[in-house]
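Remarks on the structure that follows.
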Amino acid sequence: MKILRIQFENLNSLPVGDLDFSAPPFSEAGLFAITGPTGAGKSTILDAITLALYGRAARYQNTPNPVDMMSRRAASCTAEVSFEVDARRYRARWHLRRARGKADGKLQPPQRHLYSDTGEVLAQGVNEVVRKVEEITGLNYDRFLRSALLAQGQFSRFLMANESERAQLLESLTGTEIYAELGQLAYR
C-alpha cells in the first residue's frame, strides 16, 4: 500500500491540509519523517489517514469517529486519503457534520465512502468501507497501525512484540509468507 495524498478540513486545530506525496519533494524521497514542535499538527495528519481508511483516529485508540476531531466552532470535518495497491488507485473519505450546518448543531452520523480511481463508489457506510479497505490492503486497523503507521509511542509497541508476531507481520508486509509455506511443505 502506498499513500498518495492526504487531504483534510477542520481536524483538530488545523483548518485545512493537503499533502500530495506523488509530487516533489515527497515523490523524490524514498523515506521521510513528519516532524515539528508540539501542537504543530503531526498527530492530526496521522489521524486523517486512519479516519479516512478505518473511521477511527489513531490517537483515540478504540473510540470510533471521535467528536473531538472536529475543530472548535466548525460545522463539519473531513479526512480523505488517496492510495495505491497493486497499481490500482483508490480514495477513502470520512466526513462528520453537525445538523443544519451549524457549529452548535447536533452531531450527525459519519459518512464514509471508498472510490475507485475512476470515481466509482466501491463501498459506502461505516462498516462496508472498513471491510473493503481491509480486503484491498490486506491490513485491518491494528495491523495498519503496527506496520504502516507507527504513531507516537506505537513504535516501541512494535519493537516489543514477540518474535513470532513481528515475523508474521513482516512476512505479510513483504509478501514473503509464501516462502515460509514452501519451507513447511518441503519439510513435510
Side-chain angles (χ1 to χ4, degrees), residues 1-23 26 32-85 89-117 119-134 136-137 139-146 148-154:
M1 172 186 193
K2 181 178 183 181
I3 295 176
L4 303 172
R5 189 172 192 173
I6 304 166
Q7 296 172 282
F8 56 88
E9 191 174 297
N10 295 326
L11 290 185
N12 293 318
S13 61
L14 299 180
V16 67
D18 188 352
L19 302 166
D20 188 352
F21 297 109
S22 61
F26 296 117
F32 54 88
I34 300 171
T35 64
T38 301
K42 300 177 300 292
S43 293
T44 299
I45 294 169
L46 303 179
D47 290 338
I49 295 169
T50 57
L51 281 168
L53 294 173
Y54 298 99
R56 295 160 61 178
R59 81 173 78 200
Y60 294 110
Q61 302 295 324
N62 295 324
T63 305
N65 308 312
V67 149
D68 295 334
M69 289 304 304
M70 191 181 299
S71 299
R72 288 194 170 112
R73 295 181 291 284
S76 69
C77 61
T78 304
E80 192 171 292
V81 170
S82 298
F83 62 101
E84 182 178 80
V85 175
R89 293 181 176 211
Y90 305 90
R91 185 169 45 96
R93 187 171 196 274
W94 175 89
H95 180 74
L96 189 63
R97 68 179 187 85
R98 293 189 178 276
R100 301 176 318 280
K102 298 192 182 255
D104 63 348
K106 184 179 177 186
L107 194 64
Q108 302 299 299
Q111 297 173 345
R112 303 281 319 281
H113 291 88
L114 179 66
Y115 303 94
S116 69
D117 59 348
E120 174 190 359
V121 177
L122 300 174
Q124 65 183 21
V126 175
N127 295 324
E128 188 179 333
V129 170
V130 171
R131 277 194 295 277
K132 192 69 174 173
V133 166
E134 288 176 356
I136 291 168
T137 65
L139 298 170
N140 66 21
Y141 176 75
D142 290 328
R143 194 168 246 185
F144 180 80
L145 286 183
R146 286 194 308 265
L149 187 81
L150 295 172
Q152 298 175 354
Q154 298 300 317

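Since the structure is predicted, the reported quantities are computational estimates derived from the model, not experimental observations.
In this structure, the side chains of Val133 and Phe144 stay at 4.5 Å or more apart for every pair of heavy atoms. Looking only at side-chain heavy atoms (C-beta outward), Met69 and Asn12 come within less than 4.5 Å of each other. The shortest side-chain heavy-atom distance between Tyr54 and Glu134 falls under the 4.5 Å cut-off. Counting heavy atoms from C-beta outward, Trp94 and Leu11 have side chains that approach closer than 4.5 Å. Within the 4.5 Å cutoff, the side chain of Thr50 has no heavy atoms near those of the Arg56 side chain.
The two residues Asp142 and Asn140 have their closest heavy-atom pair at N-OD1, 3.2 Å. When all heavy atoms are compared, the tightest approach of Pro110 to Val126 is CG-CG2, 4.0 Å. Shown here for Tyr115 and Leu122, the closest heavy-atom pair between the two residues is C-CD1, 4.0 Å. Minimum heavy-atom separation, Ala75 to Gly101: CB-O, 3.2 Å. The shortest heavy-atom contact between Ala123 and Glu128 is CA-OE2, 3.5 Å. Heavy atoms only, all atoms of each residue included: Ala40 and Leu14 are closest at O-CD2, 4.1 Å.
The structure places CD of Gln124 at 11.5 Å from CZ of Arg112, a figure rounded to the nearest 0.5 Å. The CG atom of Leu46 sits 11.0 Å away from atom CG of Leu51, with the distance rounded to the nearest 0.5 Å. One distance of note links CZ of Phe8 with CG of Asn10; it measures 10.5 Å at 0.5 Å rounding. To the nearest 0.5 Å, atoms CD (Glu9) and CE (Met70) are separated by 11.0 Å. Taking CD from Gln108 and CZ from Arg98, the interatomic distance works out to 9.5 Å, rounded to the nearest 0.5 Å. Expressed to the nearest 0.5 Å, how far CZ of Arg93 lies from CG of Leu53 amounts to 14.0 Å.
A salt bridge (charged side-chain N to carboxylate O under 4.0 Å, His left out) with Glu84 holds for exactly one of Lys2, Arg91, Arg89; it is Arg89.
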Inset, instruction - List the steps, then state whether side chain to side chain contact (heavy atoms under 4.5 Å, CB included) holds for His95 with His113. - result: CA-CA 9 Å; His95 180 74; His113 291 88; over 6 Å; no

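Using modelled atom types, one side-chain atom of Lys42 and one backbone atom of Pro37 make a donor-acceptor pair closer than 3.5 Å.
Using a cutoff of 4.0 Å between basic side-chain nitrogens and carboxylate oxygens, Asp18 and Arg5 are scored as salt-bridged.
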